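Each remark here refers to the structure printed beneath this line.
Quick caveat, the model's predicted, so the values are computed rather than measured.
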Amino acid sequence: LQKPEYAWMSSLVKTCVELGKDKEAEAVLSGILSHYPSQVKSWKLAVWLSLQQGNYKDAVAAKEIVLHFEPDVEGHK
């Protein structure tokens with residue numbers, strides 16, 4: 001079975017959020033994180049989804065992982 005394209009999966013997460021399908025968005029994000037755990041954009045998407053859902057604890061946890069990947073990048077506020 002072929003690994004799904006990141007761009008397609010991230011677009012699906014955003015579309016699910018726009019349609020109010022949070023559980024489906026979470027399921028797709030889970031797949032993204034399992035297929036692309038070492039890509040910082042996966043974790044940035046996790047931050048975004050958590051913020052969209054008002055889940056600030058998860059947003060902070062995902063942001064910590066982003067900071068692990070980008071420790072010296074300015075603008076992590």
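- Every pair passing side chain to side chain donor-acceptor pair (under 3.5 Å) that includes a residue from residues 13-28 is listed here, sequence neighbours excluded: E26-Q53.
- With rounding to the nearest 0.5 angstrom, the CG atom of L33 is 11.0 Å from the CD atom of Q39.
- Hydrophobic clustering of Ile, Leu, Val, Met, Phe, Trp and Tyr side chains at less than 4.5 Å, counting indirect connections, unites V28 with W8.
- Between A46 and L29, the shortest heavy-atom contact is CA-CD2, 3.7 Å.
- Following chains of ILVMFWY side-chain contacts shorter than 4.5 Å, one can reach Y56 starting from V17, so the two form part of one hydrophobic cluster.
- Closest non-hydrogen pair, A7 versus S10, comes out as O-OG, 3.1 Å.
- K3 pairs by the side-chain contact (heavy atoms from CB on, under 4.5 Å) definition with H35, Y36, not counting sequence neighbours.
- Once rounded to the nearest 0.5 Å, the distance linking CD1 of I65 with OG of S38 reads 12.0 Å.
- Between the Y6 side chain and the K41 main chain, a donor and an acceptor come within less than 3.5 Å of each other.
- Taking each heavy atom of A59 and V47 in turn, the nearest pair found is O-CG2, 3.8 Å.
- Note that the OG atom of S30 and the CG atom of L49 stand 11.0 Å from one another [nearest 0.5 Å].
- For W43 (side chain) and P37 (main-chain N/O), a donor-acceptor pair under 3.5 Å exists by modelled atom type.
- Taken to the nearest 0.5 Å, the CE atom of M9 stands 9.0 Å off from the OG atom of S42.
- In the hydrophobic clustering of this structure, W48 does not group with V60; members are Ile, Leu, Val, Met, Phe, Trp, Tyr whose side-chain heavy atoms approach within less than 4.5 Å, directly or through other members.
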